[in-house]
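Here the structure is laid out as structure tokens; the discussion comes afterwards.
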Amino acid sequence: MFKIIFILGLSLSALIVHAASVDTINVYSNAMHKEVKAVVISPVNYAMNEQRYPVVYLLHGFSGKYSDWIKLVPQIKQMADDYQLLIVCPDGSYGSWYFDSPVDSSFRYETFVSMELTIYIDAHFKTISNRNGRAITGLSMGGHGGLFLGFRHQDIFGACGSMSGGVDLLPFAGKFEIDKRIGDTVHHLQNWKDLSVINLIDHYSNDSLAIIIDCGTEDFFYKYNNNMHQKMLRLGIKHDYIERPGIHNWDYWSNAVIYQLAFFKQYFKKQNHT
């Protein structure tokens, strides 16, 4: 019996050693004068070699927080192992929408994620510290954030994506605290237009980003994702687009993230980094 327990103990130790590590960090934001939490998932053997790794920034949705992904989709630890990449899940507040608010200076999550956080991660982890080693995506509000930050910061991110993203803000006036971040549609209508991803692509530099968009056909954001897909086709903007049966929930996102991370893995591979 002792021998069996001993062998089982050794096997468990091996599993613990050869598994992704999960850390929660605090990153100080000079833009917002506060610390912001983030989960960092490092792949197996990360600490045992000098290899530099690509990074996927994975954003949560409205009313969520930094720990959502690792708690609700714990299999992303295995994906970090399988694809040999770092996954960073920052806190985006209850409803930041991942832009710098033009009406509330305490919300500057565009600056935080695209500049302050990426600089911190590159300084404290073994990363490929250029756009060819960075991708960003997320769900719902985070899907908006993934595309918004990807389009606006092509010098920082080489690839971007969205899962069930709120890509067109105007149809959701009065919902999801968007008006608190950018003002009402009467006095601040231009903010709603300028800060919607579907309008950013009018000024998009073609072929500079690898893009993946995914949305369920029963999702309340589906119509707007499909509209953006059709607009990108008309503009000749290359992208992968996925739609399949599904609603706005974690069952859908836990499946969608598999395709997103596989897409980014292929992007990183093409850049000859992995």
Side-chain angles (χ1 to χ4, degrees), residues 36-41 55-80 83 85 87-99 109-110 112-114 117 134-151 157 159-169 171-172 175-178 181 195-198 210-226 228-229 239-265:
V36 181
K37 289 184 179 295
V39 162
V40 180
I41 304 170
V55 184
V56 175
Y57 290 84
L58 185 58
L59 309 178
H60 67 75
F62 174 75
S63 77
K65 59 182 179 179
Y66 67 97
S67 58
D68 281 0
W69 275 107
I70 194 62
K71 287 182 177 180
L72 299 172
V73 192
Q75 57 267 37
I76 61 175
K77 291 186 293 183
Q78 185 62 51
M79 297 178 210
Y83 296 146
L85 49 79
I87 299 175
V88 178
C89 306
D91 198 86
S93 190
Y94 191 89
S96 72
W97 286 86
Y98 298 100
F99 41 58
Y109 283 87
E110 177 180 358
F112 173 71
V113 174
S114 65
L117 180 60
R134 296 192 199 99
I136 187 166
T137 189
L139 66 90
S140 194
M141 178 182 82
H144 171 276
L147 296 177
F148 182 83
L149 297 178
F151 287 142
F157 303 103
C160 64
S162 171
M163 292 166 274
S164 311
V167 297
D168 191 352
L169 302 178
F172 298 92
K175 298 181 179 179
F176 310 124
E177 294 194 352
I178 305 172
R181 303 290 89 84
L195 296 174
S196 287
V197 172
I198 197 167
I211 306 165
I212 180 170
I213 299 171
D214 189 330
C215 192
T217 52
E218 287 74 52
D219 195 303
F220 54 81
F221 281 151
Y222 167 71
K223 172 183 175 181
Y224 309 100
N225 278 264
N226 186 261
M228 183 164 172
H229 165 57
H239 63 290
D240 277 26
Y241 176 74
I242 302 170
E243 62 176 54
R244 59 183 177 278
I247 61 175
H248 204 80
N249 66 8
W250 281 99
D251 285 340
Y252 191 88
W253 303 321
S254 64
N255 187 41
V257 72
I258 298 171
Y259 297 94
Q260 299 265 319
L261 293 179
F263 177 86
F264 295 139
K265 171 62 178 179

Spacing of Met228 atom CE and Cys215 atom SG [to the nearest 0.5 Å]
12.0 Å
Side chains of Phe157 and Phe151: closer than 4.5 Å at any heavy-atom pair?
no
Check whether any side-chain N or O of Gln260 sits under 3.5 Å from a backbone N or O of Ser162 as a donor-acceptor pair, and report yes or no.
yes
Please report the interatomic distance OG(Ser96) to CE(Met141), rounded to the nearest 0.5 Å.
4.5 Å
Is a side-chain donor or acceptor of His144 paired with a backbone partner of Leu169 at a separation under 3.5 angstrom?
no
Working to the nearest 0.5 angstrom, can you tell me the gap between Ser196 OG and Trp97 CH2?
9.0 Å
Can you tell me how far the CG atom of Leu147 sits from the CD1 atom of Ile213, to the nearest 0.5 Å?
5.5 Å
Drop me the distance from Phe263's CZ to Ile212's CD1, to the nearest 0.5 angstrom.
5.5 Å
Do Val113 and Ile136 come close enough that some side-chain heavy atom pair is under 4.5 Å?
yes
Parallel, tilted or perpendicular, judged at 30° and 60°: which one describes the rings of Tyr241 and His239?
perpendicular
So do the side chains of Asn225 and Asp219 get within less than 4.5 Å of each other, counting heavy atoms only?
no
Report yes or no: does Asn226 contribute a side-chain atom to a donor-acceptor pair with the main-chain N or O of Lys223 at less than 3.5 Å?
no
Does the Lys NZ or Arg CZ of Arg244 fall within the cation-pi geometry relative to Tyr252 - under 6.0 Å from the ring centre and within 45° of the axis?
yes
Is the closest side-chain heavy-atom distance between Val39 and Trp69 below 4.5 Å?
no
Just how far is it from atom CH2 of Trp253 to atom OG of Ser140, taken to the nearest 0.5 Å?
5.5 Å
For Ala80 against Ile87, the heavy-atom pair lying closest together:
CB-CD1, 4.0 Å
Phe220 and His248 aromatic ring geometry - parallel, tilted or perpendicular at 30°/60° bounds:
tilted
Heavy-atom closest pair (Val88 atom, Pro90 atom, distance to 0.1 Å) is O-CD, 3.4 Å
Closest non-hydrogen atoms of Gly150 and Cys160, given as atom of the first, atom of the second and distance, are CA-CB, 3.9 Å
Tyr109-Phe99 aromatic ring centre distance below 6.0 Å:
no
If you take all heavy atoms of Gly95 and Phe62, which pair is closest and at what distance?
CA-CD1, 3.8 Å
Within the 4.5 Å heavy-atom criterion, are Leu58 and Thr137 side-chain neighbours or not?
yes
Please check if the side chain of Glu218 supplies one atom and the backbone of Gly246 the other of a donor-acceptor pair under 3.5 Å.
yes
Is any side-chain heavy atom of Tyr83 closer than 4.5 Å to a side-chain heavy atom of Phe264?
no
Quick one: are Val73 and Trp250 in side-chain contact, heavy atoms under 4.5 Å?
yes
I'd like to check Met163 versus Val257 (side-chain heavy atoms, cut-off strictly below 4.5 Å). Are they in contact?
yes
Compare every heavy atom of Ile41 with every heavy atom of Lys77, then report the nearest pair and how far apart it is.
CA-CG2, 4.1 Å
Looking only at atom types and distance, does a side-chain atom of His60 sit under 3.5 Å from a main-chain N or O of Ser67, one as donor and one as acceptor?
no
